[in-house]
There are 2 protein chains.
Amino acid sequence: MHAEQPVRSGRAKRLPRAVRERQIMDAAVDVFSRLGFHAASMDEISEVAGISKPMLYAYLGSKEELFATCIRREATRMMEAIANGVEAEEPPDVQLWSGLRAFFGFVGENRASWQVLHRQASSQGGPFAEELADMRGRAISLVAALLVHSSDFTNVPRAGDKEAESLAAALVGAGESLADWWLDNPEEPAGVVAARLMNLVWMGFGDLVAGDVWHPPSRRSEHASEGKEGV
Amino acid sequence: MHAEQPVRSGRAKRLPRAVRERQIMDAAVDVFSRLGFHAASMDEISEVAGISKPMLYAYLGSKEELFATCIRREATRMMEAIANGVEAEEPPDVQLWSGLRAFFGFVGENRASWQVLHRQASSQGGPFAEELADMRGRAISLVAALLVHSSDFTNVPRAGDKEAESLAAALVGAGESLADWWLDNPEEPAGVVAARLMNLVWMGFGDLVAGDVWHPPSRRSEHASEGKEGV
DNA sequence: CGCCTTACCTACTCGCCAGTAGGCTTACCT
DNA sequence: AGGTAAGCCTACTGGCGAGTAGGTAAGGCG
């Protein structure tokens with residue numbers, strides 16, 4: 001939630017192209033996330049960005065190009081945030097936990113990004129959804145690899161790659177969905193939401209109902225049922 | 001996927017109001033699901049319905065009213081489908097399984113309904129999202145009740161109502177999301193998708209990775225890892 | 001048979017928004 | 001200083017789509 005700088009009045013100060021482009025992108029993400037692709041108008045985006053419409057067209061092209069660019073930028077930012085949060089040497093459950101925390105952390109601090117990325121991109125058809133599917137694909141591969149690796153650690157014969165991928169898809173889906181739900185129920189901190197999903201997907205209802213919970217390997221240790229780990 | 005009856009040419013046959021309203025609603029769901037709320041035009045809906053625009057306005061009111069009516073109708077149909085699939089006397093895991101099968105069965109046979117219901121309704125803000133949130137709320141309560149009841153069956157002290165509700169939210173979210181994913185990957189049968197989610201949420205990755213799976217209490221028995229149950 | 005209600009139509013208005021034409025101004029470079 | 005290019009603007013067009021005005025046919029019923 002950046003504080004978009006206020007509406008301009010009169011001529012805007014001269015700025016180098018790169019800076020303006022950044023401002024415009026920020027404005028576009030903001031407006032697209034609030035209004036949706038169709039309802040968002042180039043007039044409003046230019047106004048929020050503090051410039052006039054022709055500048056918008058001069059720098060970022062048509063409305064569709066602009067939107068696609070937003071999606072690509074935000075997707076990249078998010079994947080990087082997650083990658084930075086995970087240590088490849090840790091055991092699988094810890095890696096998953098770190099990934100979830102990084103993911104929900106990103107969403108929490110970039111609600112607009114997530115909104116435009118997920119809800120808007122997926123409800124417009126066409127090339128936008130593909131862009132998104134692409135990112136989801138990368139995320140799924142990541143998790144699938146984690147799972148395969150994870151069963152290597154155990155004594156289990158072999159949990160087919162295909163099956164791992166399905167499960168990964170389900171988990172990524174659950175994450176997307178929980179993040180969406182969180183948008184509408186923002187009172188809870190990121191750590192709690194992440195812990196909830198971690199427990200659900202790692203332990204399952206079966207265990208939870210029986211009273212078992214997963215919790216991160218001790219650091220400052222946690223009281224029983226709801227990991228309140230930092231964001 | 002109903003075969004919408006073809007485009008009319010000339011004057012439409014006189015029909016009683018109730019019948020026309022049904023036709024119009026079907027057309028509206030179809031068009032909204034394909035194009036999204038904003039891109040859908042009243043002209044196109046009226047054309048698909050086989051009547052003229054003023055009829056549309058006469059019967060169903062403004063575009064927004066029409067959309068809201070679609071959401072309500074489809075939400076009701078869906079909740080009924082699920083309710084009909086579940087027997088209150090069964091043990092909790094079986095109830096959950098039946099519910100999931102009914103849910104994915106409905107989505108499979110009513111892709112357009114689901115699309116309009118979930119993707120469209122949630123990406124438009126305003127009263128539409130509320131309508132949807134309402135339905136989700138009912139679904140969550142249902143699952144939460146199931147969970148609470150479920151831990152009554154075990155010897156566990158008590159899994160706070162609040163926590164049950166969170167988990168229910170996560171599960172419902174996972175279901176929504178997996179259904180969405182399924183829209184884009186329609187090759188798999190409903191039963192497989194349902195089984196996948198069942199395993200994920202009931203067993204958890206922890207157990208799955210260790211080689212344990214959940215499967216429905218024997219009927220014609222299933223070979224190991226991927227429940228290919230009905231629907 | 002004629003009257004009226006209900007179903008249905010064609011043909012507009014009007015506002016909004018993507019995209020553009022054409023011109024002004026400020027900074028930098030020689 | 002003065003040229004020039006990069007940054008910026010106001011003010012338009014053109015099309016599309018929501019919603020309406022005002023009229024035509026068809027079935028029912030006295």
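Small disclaimer: the values here were computed from a predicted structure and weren't measured. In what follows, chains are A, B, ... by sequence order, proteins preceding strands, each numbered from 1. Side chains are part of it too, since the values below use all heavy atoms of this structure and drop only hydrogens, waters and symmetry mates.
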**Request:** Rounded to the nearest angstrom, tell me the gap between atom CD in A:E47 and atom P in D:dC8.
**Result:** 17 Å
**Fill in**
From the list B:E74, B:R73, B:E176, B:R77, side-chain contact (heavy atoms from CB on, under 4.5 Å) partner of B:L117 resolves to B:E74
**Item:** Closest to the A:M42 side chain, choosing from C:dC9, D:dA18, C:dA18
**Value:** C:dA18
**Message:** How many whole angstroms separate atom CE of A:M55 from atom P of C:dT20?
**Reply:** 15 Å
**Item:** For A:A39, all residues meeting side chain to side chain contact (heavy atoms under 4.5 Å, CB included), sequence neighbours excluded
**Value:** A:L35, B:H38
**Fill in**
Taken in chain and number order and not counting sequence neighbours, the residues that satisfy side chain to side chain contact (heavy atoms under 4.5 Å, CB included) with A:D43 are A:S41, A:K53
**Request:** With a 3.5 angstrom cut-off on both distances, give the Watson-Crick or G-U wobble partner of C:dT30, or none if there isn't one.
**Result:** D:dA1
**Message:** Rounding to an integer number of Å, can you tell me how far B:K53 NZ sits from D:dC16 C1'?
**Reply:** 10 Å
**Item:** Length of the CG-P vector between B:D43 and D:dG15, whole Å
**Value:** 17 Å
**Asked** What is the distance, rounded to the nearest whole Å, between atom NE2 of A:H38 and atom C1' of D:dA18?
**Response** 14 Å
**Asked** DNA chain D: A:A18 or B:P54, which has the more 5' nearest nucleotide?
**Response** A:A18
**Per-nucleotide protein contact string for nucleotides 24-30 of chain D, where B marks a base within reach and S marks sugar-phosphate only (heavy atoms under 4.0 Å, - for neither)** = BBB----
**Message:** Without decimals, in angstroms, what is the distance between B:L56 CG and C:dT10 C1'?
**Reply:** 16 Å
**Prompt:** Got a sec, which residues hit salt bridge (Lys or Arg N to Asp or Glu O under 4.0 Å) with A:D93, two or more places apart in sequence or on another chain?
**Reply:** none
**Item:** Residues that B:E21 engages under side chain to side chain contact (heavy atoms under 4.5 Å, CB included), provided they are two or more places apart
**Value:** B:R17, B:Y59, B:L60
**Asked** Do any of residues 57-67 of chain B sit with a heavy atom less than 4.0 Å from DNA chain D, and if so which?
**Response** B:Y57, B:S62, B:K63
**Asked** Using a cut-off of 4.0 Å on non-hydrogen atoms, how would the nucleic acid contact of A:A39 be classed: base, sugar-phosphate, or nothing?
**Response** nothing
Hey, can you pull the donor-acceptor pairs under 3.5 Å for the side chains in residues 124-134 of chain A, sequence neighbours left out?
residue: A:E131; atom: OE1; partner: A:R72; partner atom: NH1; Å: 3.0
residue: A:E131; atom: OE2; partner: A:R72; partner atom: NH1; Å: 3.2

**Request:** Could you list the residues that satisfy side chain to side chain donor-acceptor pair (under 3.5 Å) with B:Q115, not counting sequence neighbours?
**Result:** none
**Message:** In this structure, how many angstroms lie between the P atom of D:dC8 and the CZ atom of A:R20, rounded?
**Reply:** 4 Å
**Prompt:** Partners of B:E89 by side chain to side chain contact (heavy atoms under 4.5 Å, CB included), sequence neighbours excluded?
**Reply:** B:E87
**Asked** Taking OP1 and OP2 of D:dG17, is either one under 4.0 Å from a side-chain nitrogen or oxygen of B:S41?
**Response** no
**Asked** In a check of side-chain contact (heavy atoms from CB on, under 4.5 Å) between A:C70 and each of A:E65, A:Q120, A:M25, which one passes?
**Response** A:M25
